[in-house]
Q: 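Below is the structure I would like to discuss, written out as structure tokens.
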Amino acid sequence: MPTRFYNTLTHNLDEFKPLRPGPDASNPLVGSDIRMYSCGPTVYDYAHIGNFRAFLFADVLHRYLAFLGANVRQVMNMTDVGHMTDDQLADGAGRDKLELAVEKMKQNKKSGRALVDNPNDPYQVAGYFIQAFLQDARTLGLAVVLEHDAADATHRENIMPRPTQHIPEFIALIERLIAAGHAYVAGDGVVYYDVRSFADYGRLSGNSLERLSHGAGGRVSEQAAKRHPADFFLWKPDQTHIMRWPSPWGEGYPGWHIECSAMAMGILGESLDIHTGGEDNIFPHHECEIAQSQGATGKPFANFWMHTRHLMVNGEKMSKSKGNFFIIRDLVQKGYDPLVIRYALIATRYREPMNFTLQSLHEAAAAIATLRDLAQRLTGAVAAVDEAAGDGDGAAHTPTLEPGEQTMLDEFTRAMDDDLNISGALAAVFSWAGPLARQRKFTYPQARSALQSLRRVDGVLGVVFAPLRPLPAQTVARVNELMQQRAAARTAKDFAAADLLRQQLTTLGVEVKDTPSGAVWQARLAPMQP
RNA sequence: GGCCGGAUGCCCGAGUGGACUAAGGGAGCGGAUUGCAAAUCCGCGAUUCGUGGGUUCGAAUCCCACUCCGGCCUCCA
């Protein structure tokens, strides 16, 4: 069965064929070289779970293509030039978000909560939120961030580029567009993209220039300087802007679509396999990216455009005014392991609207625990035999897949091939893992083989073998203390005291299990109550 | 106003014409085990798929109408 994804560009479920296929024509994904670009975070605030749903969708896509044997190169930008805040965006009027972030930082400094040394410096403010983002993304297991971490400093900019480091490329692309007749310098000195010069403008979003000019929104600004109301700016000269750079059109700042076109093409080449983002990116951002890139190169910019649906919280649209949004560090603070958040956010198929609740985190914790316990027991069973045989990694044994295991992998693949139907894929995993986990003992070949298969699917899921968030050292010390007290209480048959101690341990985020060889504890994946 | 999704058990969520006597996860209930604990194990749970029509030998799955929910058209993933 072919791998098919929903392509926003064609409004259709299309078979995914890599632009640079592998050597085997019957299975071109194996050994293929896939280039994907994902619209990343803006870094003038903490990313919230809605943002991360989109990044995690791209991550699951990345990991699944790798699961199929592809070599995936994913680039994700971190937007460190501000975007305008009010609705005059096509012209670049309005307050810059980074500027607002700078002001917020100044307020924090006054109130004694200094996050950066110099809150007047937008680069420091952006730098702070970049680090915060990387930290959150790392704990959630975003492969692109792990690759970024592993790379040396010079290569990092090619994995998670920042617009402020690529301004000359933006200028070069704008010059190219002017030369090609797709952009013009208007009477107000601003460089605009001429949407009427690009016949396909509107194809991605299903908009037409006609509708855009007469839409009930009516927000497409009428401005005399522009040739068409939908024309959007590429460069705006502005001596007073918080971040500005010299350019042929005067000192100023770039438009907010040009960064993705320039960086994606500069790093990955002029034609990409896949471009991802949230559904709100479809128009105008991605529409404008296509116009810019294809206007300059005449080549298709991206073969597949994939977009994730928005996240709702407790049945309502997430919005700052309602205050119903979560950021990762707050949830972690409440006692949820980041892997639980990861699972909850990926367990609903990316193209379905998803409702996030704290209850969903608890369900995720329970689901993960089953798989993690199984993995632990399988690992133990394998390690015991390998050690006894003096065969450190068990290399002498070639695991053969058990029939049920092959079925699981086949069903997992079939579901994921169907536009990343992760619910179906998870059902396959649990149908196999559930009965297996109920077995008291494993034979060595069985455990070894099962472990390998679990590792394979977890290459996509990323929640089974990744380490949990470590508990602070002082918590661990306290836990050990309470564990000893509890053991003593149980020996004395003072079960009331033992249960009270268990309660205290639970509050510390620890789960206690009594085994024949004594009590053991492990960090809880989620707090007791939502 | 235009465009686009969705409605499946207590909750989340697969399933797109016959193997659906509706996957999987969570919560619940009954039992086993245990310390009257935690964990674990066994068992139970939608005759029904928003409502009403229609097509068909056969529909959760196709068509029509209606109701409700959500999204986009403007920043936001």
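Just so it is clear, the values below take in all heavy atoms, side chains as well, and ignore hydrogens, waters and symmetry mates. From a predicted model like this one, the values you see are computed outputs, not experimental measurements. Here is the naming used below: chain letters follow the sequence lines, and residue numbers restart at 1 for every chain.
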Q: Heavy atoms from C-beta onward define the side chain here; which of B/A77, B/A14, B/U74 lies closest to that of A/N421?
A: B/A14

Q: May I ask you to say what A/P41 touches in the nucleic acid, namely base, sugar-phosphate or nothing, with a heavy-atom cut-off under 4.0 Å?
A: nothing

Q: Going by the angle between their ring planes, with limits at 30° and 60°, are A/F283 and A/Y201 parallel, tilted or perpendicular?
A: perpendicular

Q: Look at the side chain of A/R490 against the base of B/G35 and say whether a donor-acceptor pair falls under 3.5 Å; ignore hydrogens and angles.
A: yes

Q: Which label fits A/Y193 and A/F232: parallel for a plane angle under 30°, tilted from 30 to 60°, or perpendicular past 60°?
A: parallel

Q: Round to a whole Å and report the spacing from CH2 of A/W256 to C1' of B/A77.
A: 13 Å

Q: Taking any strand in view, what nucleotide pairs with B/U61 in a Watson-Crick or G-U wobble way, both distances under 3.5 Å?
A: none

Q: For the C1' atoms, the ones on B/A14 and on B/G9, what distance do you get once it is rounded to whole angstrom?
A: 14 Å

Q: Under 4.0 Å from OP1 or OP2 of B/G15: is there any side-chain N or O of A/R349 that close?
A: yes

Q: Would you mind classifying the nucleic acid contact of A/E352 as base, sugar-phosphate or nothing, using non-hydrogen atoms under 4.0 angstrom?
A: sugar-phosphate

Q: Can you tell me the Watson-Crick or wobble partner of B/C72, both distances under 3.5 angstrom?
A: B/G2

Q: For B/C42 versus B/U33, give the span between their P atoms, rounded off to a whole number of Å.
A: 15 Å

Q: The side chain of A/R486 lies closest to which of these nucleotides: B/A77, B/A37, B/G15?
A: B/A37

Q: Taking the same atom, C1', in B/A46 and in B/C63, what whole-Å distance lies between them?
A: 26 Å

Q: On RNA chain B, nearest-nucleotide positions of A/E279 versus A/V512: which is more 5'?
A: A/V512

Q: What is the ring orientation for A/W256 with A/H285, classed by angle as parallel under 30°, tilted 30 to 60°, or perpendicular over 60°?
A: parallel

Q: Taking the inter-plane angle between the rings of A/H286 and A/W305 on a 0 to 90° scale, is it parallel (under 30°), tilted (30 to 60°) or perpendicular (over 60°)?
A: tilted

Q: Nearest to the side chain of A/D280, heavy atoms from C-beta on, is which of B/A77, B/G13, B/G71?
A: B/A77

Q: Output the rounded distance in Å from CG (A/D499) to P (B/A37).
A: 9 Å

Q: So what's B/U33 paired with, Watson-Crick or G-U wobble, going by both distances under 3.5 Å?
A: none

Q: So what's B/U67 paired with, Watson-Crick or G-U wobble, going by both distances under 3.5 Å?
A: B/A7

Q: Going by atom types alone, do A/Y46 and A/Y128 pair a side-chain donor with an acceptor below 3.5 Å?
A: yes

Q: Write down the distance separating the P atoms in B/G35 and B/G25, rounded off to the nearest Å.
A: 30 Å

Q: Please classify the nucleic acid contact of A/L311 as base, sugar-phosphate, or nothing, using heavy-atom distances under 4.0 Å.
A: base

Q: With rounding to whole Å, what would you report as the distance between B/G15 and B/G53 at their C1' atoms?
A: 25 Å

Q: Please pick, from B/G15, B/C76, B/G35, the nucleotide with the shortest atom-to-atom distance to any side-chain atom of A/A498.
A: B/G35

Q: For nucleotides B/G13 and B/A27, find the distance between their C1' atoms and express it as a whole number of Å.
A: 14 Å

Q: What orientation do A/F55 and A/F52 show, parallel under 30°, tilted 30 to 60°, or perpendicular over 60°?
A: perpendicular

Q: In whole Å, what separates the C1' atom of B/C41 from that of B/G52?
A: 47 Å

Q: Could you tell me if A/Q74 and A/E147 have a donor-acceptor pair between their side chains, going purely by distance under 3.5 Å?
A: no

Q: Within 45° of the axis and under 6.0 Å from the centre of the six-membered ring of A/Y253, does NZ or CZ of A/R244 qualify?
A: no

Q: Atom CG of A/D419 to atom C1' of B/U16: distance rounded to whole Å?
A: 14 Å

Q: Can you work out whether A/T348 or A/D373 has the more 5'-proximal nearest nucleotide on RNA chain B?
A: A/T348

Q: For atom P, what is the distance between B/A39 and B/C11, given to the nearest Å?
A: 24 Å

Q: Over all strands shown, is A/G50 touching base, sugar-phosphate only, or nothing at heavy-atom distances under 4.0 angstrom?
A: base

Q: Any strand is fair game: report the nucleotide pairing with B/U48 by Watson-Crick or G-U wobble, both distances under 3.5 Å, or none.
A: none

Q: Counting only heavy atoms not in A/Q484 (residues, nucleotides, ligands), do more than 12 fall under 6.0 Å from its CD?
A: no

Q: Rounded to whole Å, please give me the gap between CG in A/L204 and C1' in B/C3.
A: 14 Å

Q: Rounded to the nearest 0.5 Å, what's the gap from CG on A/L56 to CG on A/L345? Could you check?
A: 6.0 Å

Q: Could you state the CD1-C1' distance from A/I422 to B/A23, rounded to the nearest angstrom?
A: 15 Å

Q: To the nearest Å, how far apart are A/D45 CG and B/C75 C1'?
A: 14 Å

Q: Specify the separation, in whole Å, of atom CE of A/M416 and atom P of B/A23.
A: 22 Å

Q: List, with names and distances, any nitrogen or oxygen atoms from the protein found under 3.5 Å away from nitrogen or oxygen atoms belonging to nucleotides 24-26 of chain B.
A:
from, atom 1, to, atom 2, distance (Å)
B/G25, N2, A/E363, OE1, 3.2

Q: Can you check the A/H285 NE2 to B/C73 P distance for me, whole Å?
A: 14 Å

Q: Got a donor-acceptor pair under 3.5 Å from the side chain of A/R502 to the base of B/A37?
A: yes

Q: Mind checking if A/N281 touches a base, just sugar-phosphate, or nothing, with heavy atoms under 4.0 Å?
A: sugar-phosphate

